[in-house]
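Have a look at the structure below before the remarks.
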Amino acid sequence: MQDKQTVQAMLAQIGEFKNEPLTNFVQPDNAAAFEAALAKVRGEFGQKHPLVIGGKELWLDDTFDSINPAHPDQVVGVFSKAGKAHAEQAIEAAAAAFETWSRTPATARAAIILKAAALMRARKHECSAWMVYEEGKNWLEADADTAEAIDFLEYYARQILKLELVEVYQTPGERDTLDYLPLGVGAVIPPWNFPAAITVGMSSGAIVAGNTIVLKPASDAPKIAWEYFRILREAGLPDGVCNYLTGPGALAGETLVDHPQTRFIAFTGSREVGVRIHERAAKLQPGQHWLKRTILEMGGKDAVVVDETADLDAAATGILVSAFGFQGQKCSAGSRAIIVADVYDALLEKIVAQARRMLVVGDPEKRENYTGPVISQKQQRTVLNYIEIGKGEGRLVYGGKALERDGYFIEPAIFVDVPPDARIAQEEIFGPVLAIIKADDWKHAIAIANGTEYGLTGAYYSAIPERIAFARREFHVGNLYINRKCTGALVGIHPFGGFNMSGTDSKAGGPDYLLLFTQAKSIGEKLG
Ligand code: NDP
């Protein structure tokens, strides 16, 4: 541990954490700057990228393309496809770097992460522009993703310093301390849907706590992860502390999970893969000296609940934004709206009327388009299949067709009169499909909301304090919002992560998140 004065001095010098402001694109200067960033990154399409292991670039002949889902013939970048041997090499490089990085003072680690935050802030629009093209995010969604990534860097740099200052009680005649040590080598495996925020959050949390990692980006989102990796290098992160390994999860990812030198796995993604990682990580490998720790953030089937006392206009907006922001491809997406019978018809009318005005579908490169494509052809097929299933379970009142054009576009679909146990009300679709369910009363509505295997986010619209107090206690989700949308958690303000099959109950962007990447050593030293 460092002496506390040095740590306190750094904390005082860097000041309190503040969330990165979002960009107001109504201002012409901001819009022009973003257009320029889009043009710049378009000029860099199609470049080839290596793996980076222990600081060495490995350019493989075996590659895969990352494409623009709005124009699948546009290749955003070409990436090296790592196999088992590369994944093993990357773990070994991380293990070698751990020897020095784990002994690097927290202030020095935090300084590099803060430098990375500054570099990302300076390239904010460029980072966001990559996500417009690589993931089909609209301008606002892409900007929010980059802002959240910067927030994670700023927040965790401060949190590691605060952890250095933890004190225990002293027994007479001893000096007693509790030191938070890094764990070792981690596999960091993010999803494609928040490819800046989640990639940066999980990896910077692990790194700033003194661990070394292999970062395996999602195969649909390697470019933005590459931009971040470049930033880490420029910020002065030593070779081998973060190793960049692109390739299929089922091979490269699984090798990282199974490796005996892997100490922890930080994963965000689907329930199916999360459960598989949990099971595999539990199996002791020959030569393994620890139980692997898994930090798993998985899916959701989140609900917005509205009672008869709610402001219905606000609720209609909240329902639509929660369900259809980034085409419903958020773990926090409010894919169910549960409305009490008294206001059911009135609210449906408002939702559909507003959907017509708001959900403009088109190329997200243009600022006026709210709804871009879904991420891939596979995802388009999955979503369209669920829409067919939904036609047998509820009544389709809006959208639901694939657009007859280039790209993986689907008109957002709204189903009404959906039974709570219908498949489209229980399974995570991860696309623009909203199931609206009628409840007898507010308590029934909250019971329906709790009736899935997930427990990630939820929103409750009501004007009655006693009911809100009940929801605070009984609405069983990791992130509950009252009278607002159920998406858009802010780092440091709404620590994020869910219950039950939504994951291992961790809270990204919260004061206890870094503990997941540490082990505490208690030392009692007899004095004199
Ligand atoms: P996936 O589970 O398909 O993939 C996530 C990551 O795991 C990718 O990097 C993938 O690599 C990798 N992977 C795939 N198979 C394996 C394997 N066998 N072993 C190790 N790694 C593997 O999820 P998506 O990327 O499709 O993301 C969407 C999901 O993420 C949704 O379910 C969503 O709810 C969830 N999510 C949860 C959040 C939360 O905080 N709870 C936040 C955001 C998303 P590759 O791409 O190469 O297959």
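Heavy atoms only: backbone and side chains are in, while hydrogens, waters and symmetry mates are out. Whatever order the structure lists them in is the order used to number ligands and atoms, beginning at 1.
At least one side-chain heavy atom of Glu88 sits less than 4.5 Å from a side-chain heavy atom of Lys84. A heavy-atom distance below 4.5 Å is not found between the side chains of Phe79 and Leu60.
Taking a cutoff of 4.0 Å between a charged side-chain nitrogen and a carboxylate oxygen, Arg280 and Glu254 qualify as a salt bridge.
Relative orientation of the Phe499 and His476 rings is tilted, given thresholds of 30° and 60° on the angle between their planes. Taking the six-membered ring where the residue is Trp, Tyr133 and Phe45 present perpendicular rings, their angle passing 60° and hence far from 30°.
For atom 33 (C) of ligand 1, the closest non-hydrogen atom on the protein side is Phe430 CE1, 3.3 Å. In this structure, atom 27 (O) of ligand 1 lies nearest to the protein heavy atom Pro191 CB, 3.3 Å. What sits closest to atom 41 (N) of ligand 1 on the protein, heavy atoms only, is Met298 O, 2.6 Å. Of all protein heavy atoms, the one lying nearest to atom 40 (O) of ligand 1 is Phe496 CE2, 3.3 Å. Scanning the protein for heavy atoms near atom 11 (O) of ligand 1, the closest one is Lys216 NZ, 3.2 Å. Closest to atom 42 (C) of ligand 1 among all protein heavy atoms lies Cys331 SG, 2.7 Å. Atom 12 (C) of ligand 1 has as its closest protein heavy atom Ile189 CG2, 3.5 Å.
Seen from the ring of Phe194, Lys137 counts as a face-on cation partner, given the 6.0 Å and 45° thresholds. The cationic atom of Lys301 (NZ for Lys, CZ for Arg) does not lie both less than 6.0 Å from the six-membered ring centre of Tyr454 and within 45° of the ring axis.
If you number the atoms of ligand 1 from 1 as listed, the ones under 4.0 Å from a heavy atom of Ile277 come out as 20 (C). Interface atoms of ligand 1 facing Gly247, defined by a heavy-atom separation under 4.0 Å, are 47 (O). When each atom of ligand 1 is checked for a heavy atom of Ile198 under 4.0 Å away, the hits are 42 (C), 43 (C). Listed by atom number, the atoms of ligand 1 under 4.0 Å from Glu254 heavy atoms are 17 (C), 18 (N), 19 (N), 20 (C). Those atoms of ligand 1 with a heavy atom of Leu456 less than 4.0 angstrom away are 41 (N). Residue Pro248 has at least one heavy-atom neighbour below 4.0 Å for each of these atoms of ligand 1: 47 (O).
In this structure a side-chain-to-backbone donor-acceptor pair under 3.5 Å is present from Gln426 to Gly451. Between the side chain of His259 and the main chain of Gln261, a donor-acceptor pair closer than 3.5 Å is present. Panel note: side chain Trp290, backbone Thr262; a donor-acceptor pair is recorded below 3.5 Å.
Considering backbone and side-chain N/O atoms, Trp192 comes within less than 3.5 Å of an N/O atom of ligand 1. Ligand 1 has a nitrogen or oxygen under 3.5 angstrom from a nitrogen or oxygen of Glu428. Backbone and side-chain nitrogen or oxygen atoms of Val273 are examined, and none is located within less than 3.5 angstrom of a nitrogen or oxygen of ligand 1. In terms of polar-atom proximity, defined here as any N/O pair under 3.5 Å, Lys330 makes no such contact with ligand 1. Considering both main-chain and side-chain atoms, Arg271 never comes within under 3.5 Å of ligand 1 through any nitrogen or oxygen pair.
Ranked by closest heavy atom to atom 2 (O) of ligand 1, the top entry among Gly299, Pro217, Ala218, Ser270 is Ser270. Counting only non-hydrogen atoms, the option in Ser219, Ala250, Ala82 that gets closest to atom 45 (P) of ligand 1 is Ser219. The nearest non-hydrogen atom to atom 8 (C) of ligand 1, considering only Pro190, Gly249, Gly269, comes from Pro190.
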Could you walk me through whether His278 and Phe267 satisfy the ring pair (Phe, Tyr, Trp, His ring centres under 6.0 Å) test, starting with their C-alpha distance in whole Å, then the side-chain angles of each, then the deciding distance to 0.1 Å, before giving a yes or no? CA-CA 10 Å; His278 197 55; Phe267 163 85; over 10 Å; no
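For the 3.5 Å distance criterion, the side chains of Glu297 and Ser502 fail to qualify, holding no donor opposite an acceptor. With no hydrogens or angles considered, a side-chain donor-acceptor pair links Ser203 and Tyr228 at under 3.5 Å.
Contact annotation: Gly497 has no heavy atom less than 4.0 Å from any atom of ligand 1.
With a heavy-atom cut-off of 4.0 Å, Asn193 touches ligand 1 through its side chain alone.
There is no protein heavy atom closer than 4.0 angstrom to atom 4 (O) of ligand 1.
Screening Arg233, Arg230, Lys48 against Glu57 for a salt bridge (charged side-chain N to carboxylate O under 4.0 Å, His left out) leaves a single residue, Arg233.
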